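Data first, discussion second: the structure below is written as structure tokens.
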Amino acid sequence: MSANGENRGRPEPGGASSLVLRQQGAGAISFVNFAPQPPYDERLIFWEGRNHDTAAAFRLLRQRLIERGDPRIVLCTSAMRGEGKTTLATNLALAFAELGKYRVLLIETSFRSAAVGEVFGFKPPAGFAGQLANHRVKRDAPWVVVQISGSPLYVMAAEPRCCPSCAAVLADEAKFCGMCGTEANPGDGAAIDAVGFSRAIDQFRESFHYIVLDAPPVLASGDVNLIQDSADAIVFATRKGRSASKHLRRAIEQVAPAPVAAVVLMEN
């Protein structure tokens, strides 16, 4: 670890990747420890260690947010799919965790195209969508949160999109299951329970200093509008050569009057 703490967001080296449950009591949070091992997904800029300029850009974004009101709940989204919102959310969460002083929770709310578990290299022990549904009837059930070993970063990933017939994991835009051939609608997926989500965020505020939301694309559905009121700030991802300015304008109009703190140009 360097003297300036720049490696605090990186997991400690150790044995094989594993998920280990630590129960914290009913109605609270159960932490599942995960020790990731290299090679890491290329979207994890801080762990990859290849692109120092990009990591520095995320540190600058973190600092700008802190200086401009220090929002505790940051919603990361994009106008359309494929513009880098998950890369934005995961690395902003890592940037906050790198400070080493605060618990940081990354929550995946893109139930229709889950990717966070894949990025970090684990299958969610309990997906966030399922947990939200469970808490409608079992308010005192513990939340299951994955803790990244050696880091103050915690993750609640959504369940991967699966075939309704054989349960095989499907690619985001797949129209048919590659295993059994069953037709699959790319738009399938659970909608977000706005009331339950708001209640969950209120509870998580008590345990985590920063919460980063990997939210659905704004123009793909109305899902983001169901959760935006829980956020203190919104950050948009755009991608050079892919994002259209007219789509970004429409997306910003759709979330208005919610505060848009930044628009980030993601690398290809």
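What you see is a predicted model; the values in this text were computed from it and never measured. Positions are given from 1, in the same order as the sequence printed here.
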Rounding to 0.5 Å, atoms CD1 (I227) and CD1 (I192) come to a distance of 4.5 Å

Is there a side-chain contact between S221 and R112, using heavy atoms and a 4.5 Å cut-off? yes

Could you go through Q63 and L65, starting from their C-alpha distance and side-chain angles, then the distance that decides it, and tell me whether this counts as side chain to side chain contact (heavy atoms under 4.5 Å, CB included)? CA-CA 5 Å; Q63 191 59 31; L65 290 172; over 6 Å; no

Can you name the side chain to side chain contact (heavy atoms under 4.5 Å, CB included) partners of E253, sequence neighbours left out? none

Side-chain donor or acceptor of Q147 paired with backbone N/O of F34 under 3.5 Å: no

Side chain to side chain, F111 and L132, heavy atoms closer than 4.5 Å: yes

Nearest 0.5 Å, please: how far is CG in L153 from CZ in F46? 11.0 Å

Run the numbers on V119 and L44 for side chain to side chain contact (heavy atoms under 4.5 Å, CB included), then give the verdict. CA-CA 7 Å; V119 170; L44 296 171; 3.5 Å; yes

Taking side chain to side chain contact (heavy atoms under 4.5 Å, CB included) as the definition, give me every residue that meets it alongside T238, ordered by chain and number, with sequence neighbours left out. S243, L248, V263, L265

Looking only at non-hydrogen atoms, find the nearest pair between E267 and R239 and report the distance. O-NH1, 2.5 Å

Between E108 (side chain) and A115 (backbone), is there a donor-acceptor pair under 3.5 Å? yes

Applying salt bridge (Lys or Arg N to Asp or Glu O under 4.0 Å), can you list everything that pairs with R249, at least two apart in sequence or on another chain? none

Would you check if P36 and W47 make a side-chain contact, meaning some heavy-atom pair closer than 4.5 Å? yes

Can you name the closest pair of heavy atoms from V104 and A97 and give their distance? CG2-N, 3.6 Å

Look at the side chain of E83 and the backbone N and O of A79, then say whether any donor-acceptor pair between them is shorter than 3.5 Å. yes

Would a hydrophobic clustering, with Ile, Leu, Val, Met, Phe, Trp and Tyr connected at side-chain separations under 4.5 Å, put I73 with V195? no

Going by heavy atoms in the side chains, are F120 and D41 under 4.5 Å from each other? no

Using the rule given for side chain to side chain contact (heavy atoms under 4.5 Å, CB included), can you reason through I148 versus V155, listing the C-alpha separation, both sets of side-chain angles and the distance that settles it, and then say yes or no? CA-CA 8 Å; I148 303 301; V155 181; 4.2 Å; yes

Which residue pairs pass the side chain to side chain donor-acceptor pair (under 3.5 Å) test when at least one of the two sits in residues 84-96, sequence neighbours left out? K85-S110, K85-D214, T86-D214

Which distance, rounded to the nearest 0.5 Å, do you find between the OG of S207 and the CG of L105? 9.0 Å

Does any donor atom in the side chain of Q228 or N225 lie under 3.5 Å from an acceptor atom in the other side chain? yes

Are the side chains of V255 and V218 in contact, using a 4.5 Å heavy-atom criterion? yes

Closest heavy-atom pair and its distance - L226, A194: O-CB, 3.3 Å

Any chance the rings of W143 and F31 have centres within less than 6.0 Å? no

Tell me whether H135 contacts the main-chain N or O of A141 through its side chain, where contact means a donor paired with an acceptor under 3.5 Å. yes

Measuring only between side-chain heavy atoms, which start at C-beta, is F122 closer than 4.5 Å to V146? yes

With sequence neighbours excluded, residues passing ring-ring contact (aromatic ring centres under 6.0 Å, His included) with H247: none

Can you list the residues that meet the ring-ring contact (aromatic ring centres under 6.0 Å, His included) rule with F58, with sequence neighbours excluded? none

Residues forming a ring-ring contact (aromatic ring centres under 6.0 Å, His included) with F208, sequence neighbours excluded: Y154

Residues that A220 engages under side chain to side chain contact (heavy atoms under 4.5 Å, CB included), provided they are two or more places apart: R81, P217

Could you state whether L88 and L60 fall into the same hydrophobic cluster, counting links through intermediate Ile, Leu, Val, Met, Phe, Trp or Tyr residues with side-chain heavy atoms under 4.5 angstrom apart? no

Under 4.5 Å between side-chain heavy atoms, counting indirect links through other Ile/Leu/Val/Met/Phe/Trp/Tyr residues: same cluster for I66 and V212 or not? yes

Closer than 3.5 angstrom, by distance alone: can the side chain of R68 be matched with the main-chain N or O of A261 as a donor-acceptor pair? no

Can you give me the closest heavy-atom contact between P142 and Q131, atom names plus distance? O-OE1, 4.2 Å

Distance col, row R103:CZ vs I211:CD1, nearest 0.5 angstrom, shows 12.0 Å

Taking only residues two or more places apart in sequence or in another chain, which ones pass salt bridge (Lys or Arg N to Asp or Glu O under 4.0 Å) with R136? D193

Can you name the residues that form a salt bridge (Lys or Arg N to Asp or Glu O under 4.0 Å) with R62, not counting sequence neighbours? E98

Shortest non-hydrogen contact from P216 to V224? O-CB, 4.0 Å

Closest non-hydrogen atoms of D232 and P259, given as atom of the first, atom of the second and distance, are O-CG, 3.4 Å

Straight-line distance of D202 CG to F204 CZ, nearest 0.5 Å: 10.5 Å

Name all residues meeting the ring-ring contact (aromatic ring centres under 6.0 Å, His included) criterion together with F197; count only those two or more places apart in sequence or in a different chain, and write none if there are none. none

D70: salt bridge (Lys or Arg N to Asp or Glu O under 4.0 Å) partners, not counting sequence neighbours: none

Evaluate the side-chain proximity of R43 to E118: yes if any heavy-atom separation is below 4.5 Å, no if none is. yes

Trace of the side chain to side chain contact (heavy atoms under 4.5 Å, CB included) decision for L92 with C76: CA-CA 9 Å; L92 180 58; C76 296; 4.0 Å; yes

